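Computed from a predicted structure; not experimentally measured.
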Amino acid sequence: MSRLEAKKPSLCKSEPLTSEKVRATLSVWKGIVSSCYGPSGRLKQLHNGFGGYVCTTSQSSALLSNLSVTHPILKILTTSLQNHVSCFSDCGLFTAILCCNLIENVQRIGLTPTTVIKLNKHLLRLCTNYLKSEACGCRLPVDFSSTQILLCLVRSILTSKPASMLTRKEIDHVSALILKAFLLTIPENAEDHVILGKSIIVPLKGQRVIDSTVLPGILIEMSEVQLMKLLPIKKSGALKVALFCTSLSGDLSDTGEGTVVVSCGVSLENAVLDQLLNLGRQLISDHVDLVLCQKVIHPSLKQLLSMHRVIAVDRIGVALMEPLSKVTGTQPIGSLGSISPGSYGSVKDWCAAKFGSKHFFHLIPNEATICSLLLCNRNDTAWDELKLTCQTALHVLQLTIKEPWVLLGGGCTETHLAAYIRHKIHNEPESILKDDGCTQTELHLIAEAFCSALASLAASLEHDGGEILTDMKYGHFWSVQADSPSVNWPDLLSQCGCGLHNSQEELSWSFLRSTCQPFTPQACLLREAVGSGSNLTVDCFTAKLSGLEVAVETASLILDLSYVIEDKN
């Protein structure tokens with residue numbers, strides 16, 4: 001008999017952010033995410049002490065899924081981040097760093113949480129209204145009649161993930177493939193209500209990245225022997241398709257909790273086989289050309305179908321069922337009974353394909369809203385990271401259809417936004433103070449903490465000890481290599497973080513963290529942005545806007561915590 005232990009009382013801790021241990025925990029977490037940020041971010045290896053899978057990454061989605069946290073405050077933070085990343089895929093590190101910066105900066109001020117939360121809410125609204133307005137100086141429209149800005153967006157995402165280990169040529173190649181795959185998912189006859197198709201990423205590890213390609217339709221991997229058996233019964237023209245989501249193997253694994261009653265002398269196996277063969281005869285009489293099954297097809301049924309020149313492909317797996325249903329226009333069949341004529345679909349054709357050492361059954365659709373991105377990379381680690389990056393890029397392109405804008409990347413949006421807030425607070429403080437009962441001193445303290453958090457976020461892009469500057473005209477981000485011999489900035493600077501402006505323009509600079517006179521940051525000319533579009537670094541508008549809101553709201557929630565109650569039982 002096991003020993004019974006008395007229930008332990010819950011631990012109650014007041015004002016958790018005043019604890020040095022809690023502050024140190026947040027500081028370590030911030031150090032982890034900050035060191036991963038940007039194209040030169042440092043990689044992290046995540047594994048447990050008992051061996052097993054090792055994840056090498058700098059992506060927020062991989063970090064959050066593989067890094068376990070126990071502290072309640074960190075759980076609040078990571079849960080908010082996971083919710084954001086699950087909805088938008090991008091800007092997870094941006095959100096995490098900004099949230100930590102806001103918490104740290106506000107703690108130094110010493111104002112009450114109520115005042116801080118109230119003013120941060122107003123500053124957030126000031127930011128979002130500006131980013132959504134036509135006057136915004138760090139937002140560019142996306143023209144879907146040109147691929148220029150869209151390619152910049154995809155290339156920026158790929159460049160920011162160094163664990164994919166891509167060269168510049170490989171980044172350009174994969175960027176073009178991702179954009180092509182995305183465009184193939186858009187219906188040709190799209191009207192007001194667009195239903196996008198799907199891009200399926202097919203792994204091919206150990207091959208050159210440059211061998212990656214995109215094909216319309218679906219690739220189903222199978223052995224060379226299986227594929228050779230299907231070639232003699234290949235038909236030309238459109239094929240009638242039946243898609244099964246149930247097992248056709250003749251087993252009784254799908255009976256659930258019910259009871260099977262068998263009469264004396266009846267062979268259950270023979271009865272099920274007879275039913276399968278009757279099903280096969282119906283498929284033949286309905287002139288079906290291709291039978292696809294999620295699970296296993298009985299050898300006798302396969303032989304019957306083959307004799308009547310019907311192609312049978314089994315063990316497809318659950319992941320391809322939805323795309324196959326879309327490609328073929330079929331209703332997945334879940335029983336062995338009579339099949340409704342409306343359950344059948346069709347495809348344009350099929351062919352055999354070989355890439356590297358793998359063989360595929362290539363299903364060619366009537367309308368190519370489903371495509372296969374055959375993704376190659378040199379090893380498992382690099383491929384896993386590249387797959388995550390491609391999924392992020394495809395999702396970001398979908399978000400851009402809903403809101404056709406991009407924000408300038410490379411830290412320029414953050415520094416520009418900080419300059420805009422400082423200007424507004426310096427010149428129009430009454431627009432925030434009129435209803436809140438806060439003093440102008442409190443507003444200036446909170447606004448400076450907010451702007452400093454944005455500036456520190458931009459500075460997190462520099463990992464090699466270089467100097468960070470901002471120009472006094474556009475408010476963009478500029479980086480200088482460490483230990484540069486000259487102090488003549490135009491000689492040391494080439495382009496701003498987003499690549500829109502160069503140092504040959506008539507600009508003056510200031511250190512990012514230094515105090516300078518507030519100024520009105522100017523917007524770039526649209527012609528300049530489009531003209532230099534091939535070199536731009538840009539971010540997803542929707543994801544970054546959501547990340548900004550999540551960071552501020554999560555920071556406010558954590559700052560407002562009065563007690564943490566933990567049940568240790």
Side-chain angles (χ1 to χ4, degrees), residues 43 53-57 59 62 154-155 157-159 161-185 197-234 290 292-294 311-324 327 347-365 368 370-394:
L43 305 184
Y53 177 69
V54 177
C55 174
T56 303
T57 187
Q59 294 199 55
V154 176
R155 194 181 295 118
I157 294 171
L158 287 172
T159 305
K161 307 296 186 289
S164 299
M165 297 191 295
L166 302 182
T167 65
R168 182 69 190 184
K169 182 180 178 182
E170 289 169 344
I171 287 174
D172 290 341
H173 178 68
V174 176
S175 298
L177 291 182
I178 291 172
L179 185 55
K180 180 181 178 182
F182 166 70
L183 293 175
L184 283 173
T185 64
K198 188 179 181 69
S199 297
I200 302 164
I201 297 178
V202 181
L204 193 57
K205 301 173 186 179
Q207 298 289 122
R208 300 182 309 161
V209 176
I210 213 76
D211 293 331
S212 301
T213 189
V214 171
L215 297 171
I218 294 178
L219 292 173
I220 302 172
E221 186 180 348
M222 59 175 56
S223 69
E224 185 178 7
V225 174
Q226 287 177 296
L227 204 54
M228 291 303 104
K229 287 180 180 178
L230 299 179
L231 285 175
I233 55 177
K234 189 178 188 310
L290 176 60
L292 302 170
C293 182
Q294 176 185 335
I311 298 170
V313 180
D314 61 353
R315 304 177 190 273
I316 287 171
V318 68
L320 287 180
M321 290 303 291
E322 183 189 356
L324 280 170
V327 161
V347 292
K348 185 177 180 181
D349 200 358
W350 77 273
C351 66
K354 181 184 178 184
F355 297 98
S357 60
K358 292 188 177 183
H359 295 264
F360 297 94
F361 181 89
H362 180 199
L363 210 56
I364 304 170
I370 303 289
C371 67
S372 296
L373 171 56
L374 195 77
L375 193 61
C376 308
N377 212 335
R378 288 168 278 272
N379 56 58
D380 288 1
T381 298
W383 188 88
D384 291 342
E385 188 79 353
L386 183 57
K387 178 192 176 184
L388 269 178
T389 306
C390 291
Q391 289 173 334
T392 298
L394 288 166

Practice prompt. Output the distance between atom CZ (R168) and atom CG (D172), rounded to the nearest 0.5 Å.
Written response: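 Reported to 0.5 Å precision, the distance equals 5.0 Å.
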
Do you know the tightest heavy-atom contact between [X] and [Y]?
{"X": "G317", "Y": "M321", "result": "O-CG, 3.6 Å"}
{"X": "L219", "Y": "S372", "result": "N-OG, 3.3 Å"}
{"X": "M165", "Y": "A382", "result": "CE-CB, 3.4 Å"}

Hey, are the side chains of [X] and [Y] touching, using non-hydrogen atoms and a 4.5 Å cut-off?
{"X": "L158", "Y": "L386", "result": "yes"}
{"X": "L230", "Y": "V313", "result": "yes"}
{"X": "I370", "Y": "E322", "result": "no"}
{"X": "F355", "Y": "T213", "result": "yes"}
{"X": "L292", "Y": "L320", "result": "no"}
{"X": "L363", "Y": "L324", "result": "yes"}

All side chain to side chain contact (heavy atoms under 4.5 Å, CB included) counterparts of [X], not counting sequence neighbours:
{"X": "D349", "answer": "K234, I364"}
{"X": "D314", "answer": "C293, V296, I297, K302"}
{"X": "I201", "answer": "L373, L375, W383, K387, C390, Q391"}
{"X": "A352", "answer": "L227, L231"}

Apply side chain to side chain donor-acceptor pair (under 3.5 Å) to [X] and list each qualifying residue two or more places apart in sequence or on a separate chain.
{"X": "S199", "answer": "none"}
{"X": "T392", "answer": "none"}
{"X": "S223", "answer": "Q226"}
{"X": "T56", "answer": "Q45"}

Worksheet entry | Short side-chain to backbone donor-acceptor contact, Q59 and E385, under 3.5 Å |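 Yes; at least one donor-acceptor contact below 3.5 Å.
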
Worksheet entry | S212 side-chain N/O to C376 backbone N/O, donor-acceptor pair under 3.5 Å |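 Flag set: sc S212 to bb C376 pair under 3.5 Å.
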
Just jot down the salt bridge (Lys or Arg N to Asp or Glu O under 4.0 Å) partners of [X], sequence neighbours excluded, or say none.
{"X": "E224", "answer": "none"}
{"X": "R208", "answer": "D211"}
{"X": "K198", "answer": "none"}

Worksheet entry | ring pair (Phe, Tyr, Trp, His ring centres under 6.0 Å) partners of F361, counting only residues at least two apart |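 If we apply the ring pair (Phe, Tyr, Trp, His ring centres under 6.0 Å) test to F361, skipping adjacent residues, the hits are W350.
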
